[in-house]
Amino acid sequence: LSPVCLGSLRRAASNLMCDLSKSRLPRLPQLEELDVSYNNITKMDVSSLSGTRLPALKRLNLSHNPNLELSTAEFSRLPPTLLELDIRRVAAASKAAPIDFWRSLPSSLEILKCSHLYPDDLARINNVNFPNLRQLQIESFDLTAKFAELFTDPPSGLKLLRIKGAGMEISNYDENAMFAKFCRKEGFERVEPTLFYRDV
């Protein structure tokens, strides 16, 4: 099987890879799915996952790469065909992503999985930057009343919102009421502690 005929590459996960440079990764014009989770790739490796090298890429899993920083320059090269991106548990986030990071991701994204968001990050996951987003999964997020205050312009096509984290317990009545109000306002219905869906 020639590498250029690959449609999916999932076995690349958990291999402790630390080099996805152009010399190591050939042009794969038919590759639609790439899973390089649980490796040691960096932002420089992401720059080689461009639309010119992977023009048909639809699903990309970069999760659990502890050395991967969320960099605007490198992530802006991702293919415009990308529908699903998983960036959970990448480099320990000590601050919000760069101000233009969320805007640099392909507007074609329909599914986004991320973790350790800061208030500024949440405010930028909006209808302008993600007009086609249908599913949003957030892990390790401290769910407080600020969620409703910051998530003021959720993508209009968002159908599924999944929130996981140690801060999921809402014991304060006012916070619980504010979050419930947010869900009603946005048309989401609570179906389990971490899962919400918008009425169709």
Side-chain angles (χ1 to χ4, degrees), residues 43 46 49-51 57-63 68-165 167-168 170 174-200:
K43 64 181 182 179
V46 173
L49 304 176
S50 65
L57 192 65
K58 294 180 180 175
R59 290 173 293 283
L60 177 59
N61 187 346
L62 296 169
S63 67
L68 177 58
E69 297 174 37
L70 301 181
S71 165
T72 301
E74 283 73 25
F75 277 81
S76 66
R77 295 186 177 105
L78 291 176
T81 53
L82 202 61
L83 301 178
E84 180 175 346
L85 177 63
D86 190 341
I87 50 174
R88 291 171 297 157
R89 311 273 177 185
V90 293
S94 58
K95 58 184 179 181
I99 192 165
D100 290 334
F101 174 74
W102 300 104
R103 190 181 310 138
S104 73
L105 296 178
S107 61
S108 56
L109 280 177
E110 296 180 355
I111 301 172
L112 177 61
K113 300 175 182 178
C114 48
S115 58
H116 297 96
L117 294 186
Y118 281 76
D120 288 343
D121 294 325
L122 187 60
R124 292 185 182 110
I125 299 178
N126 56 39
N127 203 41
V128 174
N129 295 336
F130 298 96
N132 298 301
L133 200 65
R134 294 185 297 108
Q135 294 182 28
L136 174 61
Q137 179 175 322
I138 306 171
E139 288 188 4
S140 301
F141 184 76
D142 183 16
L143 180 61
T144 65
K146 292 189 183 292
F147 184 90
E149 293 172 16
L150 296 165
F151 203 45
T152 55
D153 185 25
S156 59
L158 193 64
K159 301 290 183 201
L160 181 66
L161 172 62
R162 185 183 300 270
I163 305 171
K164 295 181 177 180
M168 277 303 301
I170 308 177
D174 292 334
E175 288 181 3
N176 197 15
M178 182 174 270
F179 190 75
K181 181 179 178 183
F182 163 79
C183 288
R184 284 194 305 275
K185 174 179 163 269
E186 296 301 331
F188 286 100
E189 181 178 336
R190 189 169 189 159
V191 293
E192 63 180 66
T194 61
L195 183 65
F196 306 86
Y197 70 91
R198 195 190 299 264
D199 293 333
V200 183

Who are the side-chain hydrogen bond (donor to acceptor under 3.5 Å, both in side chains) partners of Glu110, not counting sequence neighbours? Arg134
Partner set under side-chain hydrogen bond (donor to acceptor under 3.5 Å, both in side chains) for Ser104, not counting sequence neighbours: none
Under 3.5 Å, side chain of Thr81 to main-chain N/O of Leu57, donor-acceptor pair present? yes
Salt bridge (Lys or Arg N to Asp or Glu O under 4.0 Å) partners for Glu84, two or more places apart: Lys113
Return the minimal non-hydrogen interatomic distance between Ser108 and Pro80, and the atom names on each side. OG-O, 2.8 Å
With sequence neighbours left out, what residues match Asn127 under side-chain hydrogen bond (donor to acceptor under 3.5 Å, both in side chains)? Ser156
Those residues at least two apart in sequence (or on a different chain) that pass side chain to side chain contact (heavy atoms under 4.5 Å, CB included) with Ser71 are Lys43, Ala73, Glu74
Hey, mind stepping through Asn129 and Leu105 against side chain to side chain contact (heavy atoms under 4.5 Å, CB included) and telling me if it holds? CA-CA 8 Å; Asn129 295 336; Leu105 296 178; over 6 Å; no
List in chain and number order the residues that pass salt bridge (Lys or Arg N to Asp or Glu O under 4.0 Å) with Arg124, two or more places apart in sequence or in another chain; answer none if no residue qualifies. none
Locate the shortest heavy-atom distance separating Ile125 from Pro155; write the atom from each residue and the value. O-CD, 3.8 Å
Contact list for residues 68-91, test ring-ring contact (aromatic ring centres under 6.0 Å, His included), sequence neighbours left out: Phe75-Phe101
Measure the spacing between CG of Asp121 and CD1 of Ile138 and express it to the nearest 0.5 Å. 9.5 Å
Point-to-point distance, once rounded to the nearest 0.5 Å, from OG1 of Thr72 to CD1 of Ile99: 9.5 Å
Drop me the distance from Leu60's CG to Ile87's CD1, to the nearest 0.5 angstrom. 10.0 Å
Measure the CD-CG distance between Gln137 and Leu112 for me, rounded to the nearest 0.5 Å. 9.5 Å
What distance do Ser115 atom OG and Glu139 atom CD have between them, rounded to the nearest 0.5 Å? 6.0 Å
Scan Leu160, Asn126, Leu158 and name whichever one has a side chain to side chain contact (heavy atoms under 4.5 Å, CB included) with Leu133. Leu158
Would you name the heavy atoms of Pro79 and Pro106 that are closest together and state the gap between them? O-CG, 3.4 Å
4.5 Å side-chain heavy-atom contact, Cys114 and Leu85: no
Let me confirm one number: the CG-CD1 distance from Asn132 to Ile111, rounded to the nearest 0.5 Å. 12.0 Å
With sequence neighbours left out, write down each residue that passes side-chain hydrogen bond (donor to acceptor under 3.5 Å, both in side chains) with Asn61, or none if nothing qualifies. Ser63
Of all residues at least two apart in sequence or in a different chain, which pass the salt bridge (Lys or Arg N to Asp or Glu O under 4.0 Å) check with Asp100? Arg103
